[in-house]
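Given the structure is predicted, the values throughout are model-derived calculations rather than measurements.
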Amino acid sequence: MFGLGRKALNATPLPEVAIPHLRWLVQESKLTAHMGILEKCQVVFVQKIDGPGIIKFDTYIGKCSELHCTGLGKALLAFQPEEIVQSVLSNYAFDRFTKRTISSHAAFVAELARVRQNGYAIDDEEEELGIRCIAAPVLSSGAPVARRRKSESKILRLVGLAKRAAGRIATVAGDITR
């Protein structure tokens, strides 16, 4: 959920800084939490804390996912400068994974505008049926830095938790980069 490139990731141990905050998020939400970065035209998972229970996500640190059908991807891209958004989308393929997957440039641009307005993104069974994810950008100095997962009545509570965790990570990240 942040436009930090590989150089910034190597210079700042953001995935390690995020661990206690992602653990808090998992403890509060009882759901798996992820952090990702924008890498070219994909989201790369840089941290993951599994939620309780026996059902686990088929995700891992280093896994790449599409931007248009993941909460993390939407949250990461929505807060990038317009020239980066246009560059990413210039040759972007909107592969369809479910009937709910965003499949056009115009629909995705509209979704990014909603994400910017709301301050969070939702993957509503767009990558995999039965899986809903919420992502809040970690913003530091106005640039993005991430989280993910689930259900209708819980969405507002989870959004609040995701935003609080993102804010905590941004505060610590700001202290590190100063």
Do His34 and Val43 have side-chain heavy atoms sitting under 4.5 Å apart?
no
Heavy atoms only: give me the nearest Leu72-Gly36 pair and the separation to one decimal.
CD2-N, 4.2 Å
With a 3.5 Å distance limit and no angle check, can you tell me whether Lys48 reaches the backbone of Thr59 through a side-chain donor-acceptor pair?
yes
Any side-chain heavy atom of Lys74 within less than 4.5 Å of one from His68?
no
Nearest heavy-atom contact between Phe79 and Gly119 is CZ-CA, 4.2 Å
ILVMFWY network linking Phe97 to Ile102, side-chain heavy atoms under 4.5 angstrom:
no
Using every non-hydrogen atom in the two residues, find where Ala78 and Val115 come nearest and quote the distance to one decimal.
CB-CG1, 3.5 Å
So Leu161 and Ile134, side-chain contact (heavy atoms from CB on, under 4.5 Å) or not? Walk me through it.
CA-CA 10 Å; Leu161 292 173; Ile134 297 169; over 6 Å; no
Spatial distance of atom CD (Glu111) from atom CZ (Arg116) [nearest 0.5 Å]
10.5 Å
Evaluate the ring planes of Tyr92 and Phe108, with Trp represented by its six-membered ring, and classify them as parallel (under 30°), tilted (30 to 60°) or perpendicular (over 60°).
parallel
Is the side chain of Glu125 donor-acceptor paired with the backbone N or O of Gly130 at a distance under 3.5 Å, no angle test?
yes
Are any of the side-chain heavy atoms of Met35 and Ile169 separated by less than 4.5 Å?
yes
Considering all heavy atoms of both residues, which atom of Val46 and which atom of Pro15 are nearest to each other, and what is their separation?
O-CB, 3.4 Å
Minimum heavy-atom separation for Val88 and Lys40, please, with both atom names.
CG2-O, 3.8 Å
Non-hydrogen side-chain atoms of Leu77 and Leu89 separated by less than 4.5 Å:
yes
Flag, side chain of Lys56 to backbone of Gly51, donor-acceptor distance under 3.5 Å:
yes
With distance as the sole test, does Arg96 use its side chain to make a donor-acceptor pair with the main-chain N or O of Ser103 at under 3.5 Å?
no
Of the non-hydrogen atoms in Ala166 and Ala136, which two are nearest, and what is the gap between them?
CB-O, 4.1 Å
CD1/Ile122 to CZ/Arg114 distance, rounded to the nearest 0.5 angstrom?
10.5 Å
How many angstroms lie between CZ in Phe57 and NZ in Lys63, if you round to the nearest 0.5 Å?
10.0 Å
Rounded to the nearest 0.5 Å, how far apart are CD of Glu128 and SG of Cys69?
10.5 Å
Are the side chains of Thr101 and Phe94 in contact, using a 4.5 Å heavy-atom criterion?
no
Nearest-0.5 Å distance, OG1 of residue Thr32 to CG of residue Leu25
10.0 Å
Quick one, Gln47 and Ile61 - any side-chain contact, counting heavy atoms below 4.5 Å?
yes
Return the CD to CD1 distance between Gln42 and Ile37, rounded to the nearest 0.5 Å.
11.0 Å
Glu83 backbone acceptor or donor facing Ser87 side chain under 3.5 Å
no
